[in-house]
> 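A single structure is presented below for examination.
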Amino acid sequence: MTLAVLGTGIMGAAVARNWLKAGREVRVWNRTRGNAEPLAADGAVVAAGPADAVAGADPVVTMLFDAASVAEVMRAAAPGLAPGTLWLQLSTVGAAGAAELAGLAAELGLVYVDAPVLGTRGPAEQGKLNVLASGPEAARARVEELCAPIAAKVTWLGEAGQGSRAKLVVNSWVVTATAALAQSAALADALGVDFLPLIEGGALDWPYAHLKGPLMRERDYPVAFPAEGAAKDARLVGELAAAVGVDSSVVDAARELLEEAVARGRGEDDMAAVYEAVRSPR
C-alpha cells in the first residue's frame with residue numbers, strides 16, 4: 001500500500017515521517033518542492049506533481065492550508081486518482097469547506113473522510129495527534145488502523161463534516177485562550193509584574209500558560225502553530241458561530257489581534273506572537 005501525502009509543511013512532513021517510520025510506502029508532494037525534498041532522506045518518493053503523487057496510491061492524504069488550497073490540489077491530482085480511493089482529509093478547512101470538499105469527493109468518486117487533527121508540531125512529530133475523524137462507517141476500521149502511527153487517539157464523530165465542526169469548537173478555545181494569555185502577560189510586563197508565578201499551583205494555573213507564556217516573555221516565537229493559520233481558523237470559527245446563531249465577538253477580537261500580528265510580519269511565527277499586537281498596539 002502506498003500513501004500519497006499532499007502538503008508537507010510542519011504537520012504534513014511530520015505525519016509523512018511517522019508513516020515512513022512505521023514501514024509504509026509514502027509518496028509526497030508540496031507546492032514548494034524544497035519543503036518535500038528532505039523527506040527523501042527518510043525514504044519518501046518526492047513526486048513532481050499532485051497527479052504523479054496519487055497515481056496508484058490509496059489512501060490519499062491532504063494536509064494543506066485551507067479548503068481552497070485542498071480543492072485546487074485535488075483537482076490537479078484528479079487524472080491520477082482511481083475511483084474508490086480513500087481520501088483522508090487532515091487539513092482544517094471549516095464546516096462549509098468540509099461540505100464543499102465532500103461534494104468534490106463525490107464528483108471524483110472518492111471515499112471521503114473529514115479528519116482534521118488536534119495537536120501542533122510536537123504531538124505531530126511524536127505521533128500523538130488526536131484525529132477527529134468523520135465519514136462513512138465502512139471506512140472507520142481502516143482509518144483507525146491507518147492513523148495508528150500518527151495519532152495517540154482517533155475520535156470517530158459520525159458522518160463527514162462532524163470532524164471539522166468539532167475542530168472549530170476546540171480551536172475557538174485555543175485562539176481565545178492565547179489572546180487572553182497575551183492580554184494578561186502584556187499588562188503584567190508593562191507593570192513589571194511576573195505573571196506566571198502568580199497563578200502557579202492554584203485553580204487558575206494551566207499547562208498552556210506555561211507553554212506559551214515564556215515565548216511571550218522572551219518575545220521569541222519558535223513555531224508550533226503559525227499565527228497565520230490561527231487567524232484563518234479564528235475566521236472559520238466566527239463564520240460557523242454566525243451560521244448557528246452564536247455570538248462570535250470574543251473569537252472575532254482574537255482574530256483581529258492575530259491578523260494584526262500577521263500584518264506585522266509575524267504570520268510564520270507561533271501564534272503566541274499575538275502578544276505583539278497586544279503589547280504594542282498601533
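Numbers here simply count residues along the sequence, with the first being 1.
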> State plainly whether the residues E145 and R142 are in salt-bridge range, i.e. N to O under 4.0 Å.
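No, E145 and R142 are not salt-bridged.
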> Between E276 and R282, is the closest basic N to carboxylate O distance under 4.0 Å?
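The answer is no: the pair does not qualify as a salt bridge.
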> Side-chain donor-acceptor pair under 3.5 Å between Y275 and T178, yes or no?
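Result is no, nothing qualifies.
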> Please check if any side-chain donor atom of N130 sits under 3.5 Å from a side-chain acceptor atom of T155, or the reverse.
yes
> Out of curiosity, L204 CG to L198 CG, how far, rounded to the nearest 0.5 Å?
10.5 Å
> Which distance, rounded to the nearest 0.5 Å, do you find between the CZ of R17 and the CG of D42?
4.5 Å
> State whether a side-chain donor-acceptor pair under 3.5 Å links N35 with T8.
no
> Using atom types as modelled and distance alone, determine if a side-chain donor or acceptor of Q89 lies under 3.5 Å from a backbone N or O of S91.
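Checked: pair present.
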> Indicate yes or no: does E259 engage R255 in a salt bridge with an N to O separation below 4.0 Å.
yes
> Taking the side chain as every heavy atom from C-beta outward, state whether W87 and V111 have any atom pair closer than 4.5 Å.
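Heavy-atom side-chain distance check fails, nothing below 4.5 Å.
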> If you compare all heavy atoms of P136 against all heavy atoms of V113, which two are closest, and at what distance to 0.1 Å?
CD-CG2, 4.4 Å
> Main chain of P116, side chain of T92: is a donor-acceptor contact present, judged purely on distance under 3.5 Å?
no
> Can a salt bridge be assigned to the pair D66 and R235 using a cut-off of 4.0 Å between side-chain N and carboxylate O?
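Here D66 does not pair with R235 in a salt bridge, since their nearest N and O are not under 4.0 Å apart.
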> Between the side chains of S164 and Q162, does any donor sit under 3.5 Å from an acceptor?
no
> When rounded to the nearest 0.5 angstrom, what distance separates OH in Y112 from CG in L101?
4.5 Å
